[in-house]
Amino acid sequence: MMEPNPNPISSSFLLFLLFFTPTMVAPLGINYGQIANNLPLPENVVPLVKSIGATRIKLYDADPHVLKAFANTGVEFIVSLGNEYLSKMKDASKAQSWVKNNVQAYLPATKITCIAVGNEVLTFNDTILTDNLLPAMQSVHTALVNLKLDKQVTVTTAHSLAILQTSYPPSAGAFRRDLVNCVTQIVDFHCKTGSPFLINAYPYFAYKGNPKQVSLDFVLFQPNSGIVDPESNLHYDNMLFAQIDAVHSALASIGYKNVCVQISETGWPSKGDADEAGATPENARKYNCNLMKLIGQKKGTPMRPNSDLNIYVFALFNENLKPGPSSERNYGLFKPDGSQAYPLGVPAINAVSTNSSSSGGSGSTPSASVPPASSSSGYLAITSDSGTSLSPCKTLLLYFVSFGLCKKLDNYYHL
């Protein structure tokens, strides 16, 4: 473990930040992962979040140190329950105890607005996990109702794009046939409770999977001629918007046209292994900075032009203990010392003291009856190439290849 740095950010610099208006004033969301042993103390993360204009944070747990540090800042939080706790959350008493200890205890000082129950559960193809997902969500929501918190805190779960059977053209988006019934029940829950439908979307994986066919400008929001959906005649100049609208179409295909879709994860790594094409600081800078500009413009997708983008960038920090290829440890906008991983167009903040206990975050003190908040196993393997944990875009790319759609990809990516 590392000892905390005794020299925190200077008070004068913190005062400067209070009066500094960041160049990125968008309603930006950011994922705050903590699978590392060298991250800043949560209280020193607050000015970093403010420096990029982020107003929303998604945690992969309900770390009390983070929730206390952001008290009275106005930053909105999604807290999470890992996949490993879904079966326990079916128990109403355990769900209520968890909500009391990990949500109610921090309200109203810390603005917790949502609980994400599980991560990418449906694409693990684990029958037990899948069967436990909706009951766990319902149980947590019931706990919120009992505690009279359901008007301010919603319940959701994040999905991989691999829940889609079809994504091209966007107007033909459809869910996997074997998941339609389960997804329909979950979306019905969203409609009844007013919670968002969360999707993790990574255009990076499509480029990494086939850099010779996928247009780099198309995935990086750079100027390009784009593609036209042959069914809707809508024009797309970036892949992320096409992916989002494929989800909108899939939801409409099962009878839900007005569900709030949020992108709970998207990002680009600044470093990767030799076989990880495109993982460079320059590409990461283009992807995330261009994305933040789009969010700031409050520009919707071609299919939903009047709807603000609800996007959480992955991630706040590079995380040195994440397993997998090098890219997994290099998605951060910031390095652990608080310096920028690449130029973000905001003032740099250095010499952030380190947190000697960061290793994925932790929730309330564990007890025999109530599980602690913990990092989701889905989060630990977002780009795993093993088993059923294929990355969303890689799965879709394999779908294209399997069904002989590579020729159509030439038009899709305008090559």
Side-chain angles (χ1 to χ4, degrees), residues 33-35 58-64 78-105 112 114-147 149-150 153-160 162-163 176 178-190 192-193 195-200 264-265 323 359-382 384 386-390:
Q34 298 183 79
I35 303 181
K58 183 163 74 70
L59 292 178
Y60 291 90
D61 50 27
D63 188 335
I78 296 178
V79 297
S80 302
L81 264 166
N83 297 347
E84 60 271 34
Y85 297 122
L86 296 186
S87 61
K88 294 182 177 68
M89 286 301 100
K90 290 169 59 179
D91 184 313
S93 62
K94 291 179 180 178
Q96 186 146 323
S97 294
W98 188 91
V99 171
K100 279 185 177 180
N101 293 333
N102 295 281
V103 177
Q104 187 179 47
I112 300 172
C114 188
I115 302 169
V117 179
N119 190 50
E120 300 189 348
V121 170
L122 301 186
T123 43
F124 278 100
N125 295 326
D126 183 316
T127 303
I128 295 176
L129 275 181
T130 297
D131 290 346
N132 287 334
L133 178 57
L134 183 57
M137 294 170 66
Q138 292 169 330
S139 186
V140 171
H141 175 70
T142 297
L144 290 169
V145 172
N146 292 340
L147 296 170
L149 298 175
D150 58 302
V153 183
T154 59
V155 178
T156 187
T157 187
H159 303 283
S160 159
I163 63 173
R176 274 173 39 184
D178 60 311
L179 296 178
V180 167
N181 184 55
C182 184
V183 171
T184 299
Q185 293 180 56
I186 290 173
V187 178
D188 187 60
F189 170 86
H190 290 316
K192 289 178 179 177
T193 63
S195 55
F197 187 82
L198 303 187
I199 282 285
N200 299 337
S264 42
E265 290 182 20
S359 59
S362 60
S364 301
T365 303
S367 68
S369 61
V370 184
S374 174
S375 295
S376 163
S377 56
Y379 163 55
L380 283 167
I382 59 168
S384 171
S386 61
T388 58
S389 301
L390 282 171

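Side chains are part of it too, since the values below use all heavy atoms of this structure and drop only hydrogens, waters and symmetry mates. Given the structure is predicted, the values throughout are model-derived calculations rather than measurements.
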J.: With rounding to the nearest 0.5 angstrom, report the CG to OG distance, Asp150 to Ser195.
T.: 11.5 Å
J.: If you take all heavy atoms of Asp61 and Asp63, which pair is closest and at what distance?
T.: OD1-N, 3.3 Å
J.: Less than 4.5 Å apart, side chain to side chain, heavy atoms only: is that true for Ile186 and His159?
T.: yes
J.: In chain order, what residues pass the side-chain contact (heavy atoms from CB on, under 4.5 Å) check against Asn181, with sequence neighbours excluded?
T.: Gln185
J.: Taking the side chain as every heavy atom from C-beta outward, state whether Arg176 and Leu122 have any pair of such atoms under 4.5 Å apart.
T.: no
J.: Is Ile112 close to Leu149 at the side-chain level, that is, under 4.5 Å between some pair of heavy atoms?
T.: no
J.: I'd like to know if the side chain of Thr156 reaches the main chain of Pro196, judged simply by a donor and an acceptor atom lying under 3.5 Å from each other, with no hydrogens or angles considered.
T.: yes
J.: Is any side-chain heavy atom of Leu133 less than 4.5 Å from a side-chain heavy atom of Thr157?
T.: yes
J.: Please report the shortest heavy-atom distance between Ser80 and Tyr60, naming the atom on each side.
T.: CB-C, 3.6 Å
J.: Could you pull out all residues at least two apart from Ala158 that satisfy side-chain contact (heavy atoms from CB on, under 4.5 Å)?
T.: Asn119, Leu198, Asn200, Ser264
J.: So do the side chains of Gln104 and Val153 get within less than 4.5 Å of each other, counting heavy atoms only?
T.: no
J.: How close do Val155 and Phe189 get, heavy atom to heavy atom, and via which atoms?
T.: O-CE2, 3.4 Å
J.: Between Met89 and Lys94, which heavy-atom pair has the shortest distance, and what is it?
T.: CE-O, 3.9 Å
J.: Run the side chain to side chain donor-acceptor pair (under 3.5 Å) test against Ser87 and tell me which residues pass, sequence neighbours left out.
T.: none
J.: Side-chain contact, heavy-atom cut-off 4.5 Å: Val140 with Val99?
T.: yes
J.: Using side-chain contact (heavy atoms from CB on, under 4.5 Å), reason through Leu86 and Val117 one step at a time and then give a plain yes or no.
T.: CA-CA 7 Å; Leu86 296 186; Val117 179; 3.4 Å; yes
J.: Could you list all the side chain to side chain donor-acceptor pair (under 3.5 Å) pairs where at least one residue sits in residues 130-147, not counting sequence neighbours?
T.: Lys90-Asn132, Gln96-Asn146
J.: For Ser160 and Ile199, work out which heavy atoms get closest and say how close.
T.: O-CD1, 4.2 Å
J.: Would you call Val103 and Trp98 a side-chain contact if the rule is heavy atoms closer than 4.5 Å?
T.: yes
